[in-house]
Amino acid sequence: MQFDFYKVATATPKVKVADVQYNCAQILQQIDSANQAGVELLVFPELSITAYTCSDLFLQEELLNAALHALKEIQNHTVQLDMLLFVGLPLRVDGNLYNCAVAINKGKILAIIPKMHLPNYTEFYEKRHFTGYQGENKYIEVGGQTILFGNKILLQEKTRKDIVVAAEICEDLWVPMAPSTNHANVGATILVNLSASNEIIGKTEYRRLLICAHAAKTIAAYLYANAGNGESTTDLIYAGHSMIVENGRLLKESNLFEDGLLITEIDLQKITHERQRLVYCNQNSSAYGYCKITFSAERGRADITQTISKTPFLLEDKIERTKRQQQIIRMQAYALKKRMEHIGAKTAVIGISGGLDSTLALLVTIKAFQLMQKPLHDITAITMPAFGTTSKTKQNAQKLMQLFNVNMQEIDIKGITLQHFKDIGKDANTYDVVYENTQARIRTLCLMNIANAQGGIVIGTGDLSELALGFATYNGDHMSMYSINSSIPKTLVKYLIESMATEFPKEIADVLYAILNTEISPELLPPNEDNIVQKTESIVGSYLLNDFFLYYFIRFAFTPQKILYLAEHAFHGEYSREELIFWLKNFYKRFFNNQFKRSCMPDCVKIGSVALSPRGDWRMPSDATVKIWLDALESL
């Protein structure tokens, strides 16, 4: 296993009803294909050896005996395979017939898990043939081997204690208290379901919703292997809708009416970290009657085949992304509305630079004022040109303010800044940190005093990415009276503005697109022939990279090595390994060195799962050292 990735698969073989020899051959073929792909955990559908739709043939001795012979053949075939697999078959135990999942590892049956809940309504009549098992674990004899039989069984990988697998069968998931809820509660991180769920209109969507929600609730990976082609169509149709879900996130899903393997990797670290973060209490399994069996199916390296998004803060699905964008803007706007109404603020004061962050802050403030039914002219938007301001950014800022008909003001701060340099004995021709930060602090001073004079509040414009990197002037643009972008990373800021541009008339949209196409810069150093000289991303690195690093560092606490591994996949062909290591080091240094700014940041609304407010999400000493993270990268 590499970086906690575990290669798993579901299999939907083409079956023939009651043709056990044919079904066994199909199962063996898919086992071999999965093995060649490096699969370490493989799950087949319910009653896959016989087919699910045998009906009264399940009462025939010949079918039951043939199923046992096929099971032995599968065992013999897998002796040399480093894989844990589950197949389904009918099994008679103590005079009762059970619908079972059989766990096999290296040719040995580890356990047999009977179905607990039998559907016996509408098209289902399993109680006609099978008995639901509700008893305690016990040992039974199958093919001369003594095997553990029951519903309270955990299978744990010998060398990786976080790989704990438990099984349930079809209907067990659909009942109010699924057995897998208890499995997860006593430590199972991977839940498997051998299923034969028929298809009717609307069931696909419901099944997907059910499985994703259950995996999220149990904080587990969920492998759902569904029966498909070849099952009887006397009354029903089976479409083979299989899924692999990781803590609520659908990793992979088979198309309806397609057989074959569904292969991907699950990230065990995400699951274990989330359980640790949420103080997920794993109960003592033995105290609840569980038995734990070890197995060996960990090959040491599972290269990821799934696509790693460059923008983890953005949803992949465009329709869902648009819905999310609208929700984010509403959350920001309602948060600002609440704050202004609570303190009785008459105005909102915003510094408008012609950059991304102040543009988003203005758009959100406009939305908040619309919700409050306040005139937009009560928004005081101020442009404050200084030594680095270019005509392009100034004009964009002015156009935006004019088009929205807000109270537009301009304060040229060059004179104030030069006077301050003179007062403190600062050489105005030395472009150092004092030169830059003085401008940022004077701008904040102007905004604060105007807000006081108008009975309003200063709206903070800085975003999550800048907070992470410390790219803000302490007690300058770092400070405000309410910060509405502090939970929005730069990649999301750009997307929000871009998507909102389509909602406005062409005149406004053109300005927004012009802002999107402008170099990101604080504009604190003199331009070169009206061209921006100070480019933020040449200092702190690409925001696309930094947001990627931030997401996995904060959200899942991944190691530097794992973040680099993911970045190499996501940005393959764009950045060399050396470049990624350089910028990842830069990220860690800046993040640790600038915690003191985050420790006293203004109130802000939390939007996503990654936030850095010291009151709500991120508590870190300002003098914590970054050494072990940098050492980890040096070792590479």
Side-chain angles (χ1 to χ4, degrees), residues 3-4 219 267 269-280 312-313 335 357 433 437 440 460-480 482-493 536 539-543 545-564 566-567 580-635:
F3 298 121
D4 293 308
I219 315 178
D267 190 339
Q269 188 178 352
K270 282 186 178 180
I271 293 168
T272 54
H273 170 73
E274 196 72 353
R275 289 187 175 188
Q276 175 183 300
R277 187 177 72 90
L278 299 177
V279 196
Y280 189 99
F313 285 104
D357 295 338
V433 66
N437 286 352
T461 62
D463 63 47
L464 179 67
S465 307
E466 292 178 344
L467 278 171
L469 299 169
F471 203 70
T473 299
Y474 190 82
N475 208 33
D477 52 315
H478 153 262
M479 189 50 60
S480 65
Y482 194 69
S483 186
I484 54 176
N485 289 342
S486 291
S487 191
I488 311 292
K490 189 75 77 177
T491 47
L492 183 53
V493 170
T536 300
I539 302 169
V540 301
S542 162
Y543 275 116
L545 276 182
N546 281 310
D547 284 357
F548 186 92
F549 299 154
L550 174 65
Y551 180 82
Y552 288 108
F553 173 58
I554 297 296
R555 183 65 183 84
F556 296 110
F558 284 172
T559 63
Q561 298 95 323
K562 185 167 182 176
I563 294 174
L564 175 64
L566 294 173
L580 290 172
I581 291 174
F582 175 84
W583 288 117
L584 185 51
K585 285 181 180 178
N586 186 70
F587 168 81
Y588 281 118
K589 290 175 184 176
R590 295 195 67 99
F591 188 90
F592 276 76
N593 289 343
N594 288 282
Q595 174 61 29
F596 73 99
K597 295 180 182 178
R598 296 187 291 269
S599 293
C600 60
M601 59 187 281
D603 286 358
C604 55
V605 56
K606 179 176 180 178
I607 298 295
S609 59
V610 176
L612 295 174
S613 168
R615 296 166 296 277
D617 283 85
W618 186 253
R619 297 164 181 84
M620 169 183 164
S622 296
D623 50 6
T625 178
V626 69
K627 184 179 185 301
I628 62 172
W629 286 266
L630 295 183
D631 286 349
L633 288 171
E634 287 294 341
S635 68

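Residue indices begin at 1 and follow the sequence shown. Computed over heavy atoms, backbone and side chain alike; hydrogens, waters and symmetry mates excluded.
- Looking at every heavy atom in both residues, Thr625 comes nearest to Phe592 through O-CE2, 3.4 Å.
- Distance check: Leu467 CG to Lys597 NZ gives 9.5 Å after rounding to the nearest 0.5 Å.
- Of the candidates Asp357, Asn485, Asn546, Thr536, Asp357 is the only one forming a side chain to side chain donor-acceptor pair (under 3.5 Å) with Lys490.
- Remark: aromatic rings of Phe549 and Phe591 are distant, center separation not under 6.0 Å.
- For Ser483, the side chain to side chain donor-acceptor pair (under 3.5 Å) partners at least two apart in sequence or on another chain are Ser486.
- How far CD1 of Ile554 is from CE of Met620: 8.5 Å, rounded to the nearest 0.5 Å.
- Aromatic ring pairs are classed by plane angle as parallel below 30°, tilted from 30° to 60° and perpendicular above 60°; the pair Phe313 and Tyr551 is perpendicular.
- Contact annotation: the side chain of Lys585 approaches that of Glu634 to within less than 4.5 Å [non-hydrogen atoms, C-beta and beyond].
- The aromatic rings of Phe587 and Phe553 lie perpendicular to each other, with more than 60° between the two planes, well past the 30° mark.
- Ion pairing between a basic and an acidic side chain is recognised when a charged N comes within 4.0 Å of a carboxylate O; Arg615 and Asp603 show such pairing.
- For the residue pair Tyr543 and Thr491, the shortest heavy atom distance occurs at O-CG2, 4.0 Å.
- Comment: Arg598 does not engage Asp617 in a salt bridge, judged by the lack of any side-chain N to carboxylate O separation of less than 4.0 angstrom.
- Of all heavy-atom pairs between Ser613 and Met601, the closest is CA-SD, 3.8 Å.
- Remark: Lys270 qualifies as a cation-pi partner of Phe556 under the 6.0 Å distance and 45° angle criteria applied to the six-membered ring.
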